[in-house]
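Working notes for the structure below.
Below, chains carry the letters A, B, ... as their sequence lines are ordered, and counting in each starts from 1. Both backbone and side-chain heavy atoms feed into the values below; hydrogens, waters and symmetry mates do not.
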Amino acid sequence: MEKELIYKIPSIYRDDFRIHGYRFGSGEKTLCIIGSMRGNEYQQIYTCSQLVKTLKKLEQEGKLCEEKEVLVIPSLNPCSMNIEKRFWPTDNTDINRMFPGYTLGETTQRIAAGVFEKISAYKNGIQFPSFYMPGKFCPHVRMMKTGYENVEKARQFGLPYIVLKVPKPYDTTTLNYNWQVWETDAFSLYGTSTEQLDEESAQEIIRCILRFMEGNGILKEEVTTPLESKVFSDREMVSVRPHKSGIYKSMVSVQERVIKGQLLAYILDACEGEIIEELRAPVDGVVFFEHDKPLVYANTAVIKLLP
Amino acid sequence: MITSIASVPLPVDETLEIKKNRFVPEDGGNGRRISIVTGIHGDELEGQLVCYEVARKIRENPQKLLGTVDLYPALNPLGIDSITRGIPGFDLDMNRIFPGVPDGAMTEYLATRIVKDLVGSDLCLDIHASNIYLTELPQIRINELHKETLVPLAKEANVDFVWVHGANTVLESTLAHSMNSLGVPTLVAEMGVGMRLTPEYAKQLTDGIFRLMQRLHIWEKEEIQVKEPIISENPDEICYMNAPVSGLFLKKKKHGVIVEKGEEIGAILNPYTGEIMESITAPSKGLLFTIREYPVVDEGSLLARILKREVEA
């Protein structure tokens with residue numbers, strides 16, 4: 001393994017902004033893995049750090065194919081994470097809305113351009129993103145439906161679900177979308193959480209990546225077992241929304257199977273404690289996403305069910 | 001009359017309301033309508049003073065009002081009240097969620113209510129104040145898709161500059177794009193700087209609004225002189241200057257002046273060593289219509305924009 005500097009911006013008031021990567025093997029650029037891009041993606045950087053540790057051990061044991069190059073970048077945004085801010089410290093812009101970047105543009109455009117130059121030639125790209133709404137997910141692979149998406153390859157992860165998302169205009173500046181346009185097979189891997197560490201989920205994601213590496217000849221021997229995935233469009237999900245704002249009290253967990261009419265959550269009056277609304281399942285299905293904040297605004301999609 | 005156009009109960013003992021003030025003549029008027037909206041970004045306040053000036057002039061001259069004037073000073077009231085650019089609690093730019101979804105999340109619902117309320121206007125003006133980093137010369141920005149309708153209106157808005165720019169995918173989710181797509185001519189004004197008021201710009205744009213109201217037969221004829229704006233439709237005319245290094249930017253030119261090629265616009269300083277890290281010079285002669293106001297810069301931060309053309313300041 002070699003640690004290398006991917007991008008740097010000198011700073012005057014704090015330490016230089018640095019993005020480091022960890023390179024395994026050399027030769028064919030086979031796989032690039034990006035951890036956190038935002039400052040609150042703790043589970044994403046944690047999962048990536050554990051992956052670096054795992055790959056280091058596999059390399060020492062001689063189990064990695066030396067002719068296939070793997071690059072792991074645990075964080076594209078250490079300076080936001082160090083001050084517990086989600087987006088870029090000075091102007092609140094999102095690096096994942098700046099791809100493919102612009103070398104003469106604003107700061108986050110330059111970061112995106114500098115990183116993309118180093119990662120766009122890889123055959124496969126994996127990213128650990130987070131959702132714009134706070135909540136927990138069923139672990140899944142998410143792909144933009146651009147016409148370039150490689151669903152069969154996504155099955156190699158063996159995650160329970162593969163979600164195909166029809167891109168909206170603002171999605172065209174994400175890493176996943178641009179990787180696909182530049183002919184990288186791109187996959188976004190969602191574990192359960194973002195701001196809380198979940199050991200079980202991190203290990204599951206690592207197992208899935210090892211499975212993918214086996215499928216692509218990066219691992220010399222089999223270390224995992226294959227699993228089946230269900231493929232569906234994000235439009236198939238059924239959202240459950242409260243009509244009232246208040247305290248959100250959940251009665252289910254992600255990955256739980258529920259039946260039509262089952263109680264999913266209560267909304268409580270924040271001052272008087274009374275139940276002001278009961279949320280019930282409109283269909284039979286699996287809890288795919290669940291809001292995980294104590295308060296909720298009316299009409300927020302607090303639960304998404306996969307029928 | 002002040003009314004609520006959207007109302008959402010918040011979790012703890014508070015209701016979020018977006019309000020407008022409608023001015024109509026006593027006889028109900030001729031049905032023509034202008035809507036003036038501002039405060040989508042909670043840190044941009046220049047539009048507050050414009051709303052005040054428009055309301056004040058109508059109150060002082062009610063006999064001149066022939067149609068309807070709707071003022072929406074705060075489309076993002078929680079943002080204005082908490083010095084937050086986006087929608088607090090969502091970390092979301094409100095001008096990236098239009099036209100919204102009626103049964104969507106709170107923010108998307110609010111967007112639909114705003115759009116619904118603005119439909120029927122003969123003209124909508126969305127007033128912005130750049131952001132906290134940049135100061136702008138009063139200008140109207142127009143997406144080239146709608147330039148045929150909007151440029152003639154922008155010429156009467158009493159701004160210094162009309163910038164017709166190319167269609168950008170992200171701009172599809174702005175209020176102006178949604179309204180123009182629905183057939184409500186909508187101008188976007190940018191002027192001044194975030195978190196501050198520039199009274200002379202408020203007066204300037206207010207005059208432009210009353211001139212537009214005359215054009216729409218909403219205000220009685222009176223003598224209002226407006227500036228003839230510089231109009232730019234060629235993207236190659238706009239020169240962007242970004243910080244080559246991180247440091248402390250000290251501007252040396254005021255926005256609105258003509259700069260010569262090679263003239264110093266500002267410098268990036270090192271407060272630790274007393275050194276000038278970079279002198280920032282104009283790459284070309286032209287009108288300096290944007291200048292950096294917030295001094296701390298990262299490598300890449302926008303410092304200035306110049307319209308590369310022989311114009312008079």
Under 4.5 Å between any side-chain heavy atoms of A:Asp91 and B:Tyr133, yes or no? yes
Assess whether atom CZ of B:Arg196 is packed by more than 12 heavy atoms of other residues, nucleotides or ligands within 6.0 Å. no
Side chain, backbone, both or neither: which part of B:Leu269 has a non-hydrogen atom closer than 4.5 Å to chain A? backbone
Considering only heavy atoms from C-beta outward, does the side chain of A:Asn299 approach that of B:Glu108 to under 4.5 Å? no
Do the side chains of A:Cys271 and B:Val12 get nearer than 4.5 Å, heavy atoms only? yes
Check each atom of B:Phe90 against the heavy atoms of chain A and say whether the ones under 4.5 Å are side chain, backbone, both or neither. side chain
Does the pair A:Thr107 and B:Glu299 meet the rule for a side chain to side chain contact (heavy atoms under 4.5 Å, CB included), with working shown? CA-CA 6 Å; A:Thr107 313; B:Glu299 182 184 318; 5.6 Å; no
Identify the two heavy atoms, one from A:Ala270 and one from B:Pro11, that lie closest to each other, and give their separation to 0.1 Å. CB-O, 3.4 Å
Heavy-atom distance under 4.5 Å to chain B: side chain of A:Arg86, backbone, both or neither? side chain
Is atom CD1 of B:Ile276 surrounded by more than 12 heavy atoms (other residues, nucleotides or ligands) closer than 6.0 Å? no
From A:Arg110 CZ over to B:Ser301 OG, what is the distance, rounded to the nearest 0.5 angstrom? 8.5 Å
Rounded to the nearest 0.5 Å, what separation is found between the CG atom of B:Asp93 and the CZ atom of A:Arg97? 12.0 Å
Heavy atoms of other groups near A:Glu195 CD, more than 12 under 6.0 Å: yes
So for atom CZ, which belongs to A:Phe232, do other residues, nucleotides or ligands contribute more than 12 heavy atoms lying within a distance under 6.0 Å? yes
Rounded to the nearest 0.5 angstrom, the CD1-CG distance for A:Ile12 and B:Asn270 is 3.5 Å
Compare every heavy atom of A:Pro10 with every heavy atom of B:Ser246, then report the nearest pair and how far apart it is. OG-O, 2.8 Å
Which answer fits B:Val297, side chain, backbone, both or neither, if we ask what part of it has an atom under 4.5 Å from a heavy atom of chain A? neither
Does B:Arg85 reach the side chain of A:Asn92, with side-chain heavy atoms less than 4.5 Å apart? no
Mark yes when over 12 heavy atoms from residues, nucleotides or ligands other than A:Lys293 sit less than 6.0 Å from its NZ; otherwise mark no. no
Around B:Asp13, counting heavy atoms of other residues, nucleotides and ligands shown, do more than 12 lie under 6.0 Å from its CG? no
B:Tyr240 vs A:Leu104, test: side chain to side chain contact (heavy atoms under 4.5 Å, CB included). Steps then yes/no. CA-CA 9 Å; B:Tyr240 295 79; A:Leu104 301 176; over 6 Å; no
Any non-hydrogen side-chain atom of B:Asp298 less than 4.5 Å from a side-chain atom of A:Tyr13? no
Heavy-atom pairs under 4.5 Å with chain B - which of A:Ala301, A:Pro89, A:Gly105 has more of them than the others? A:Gly105
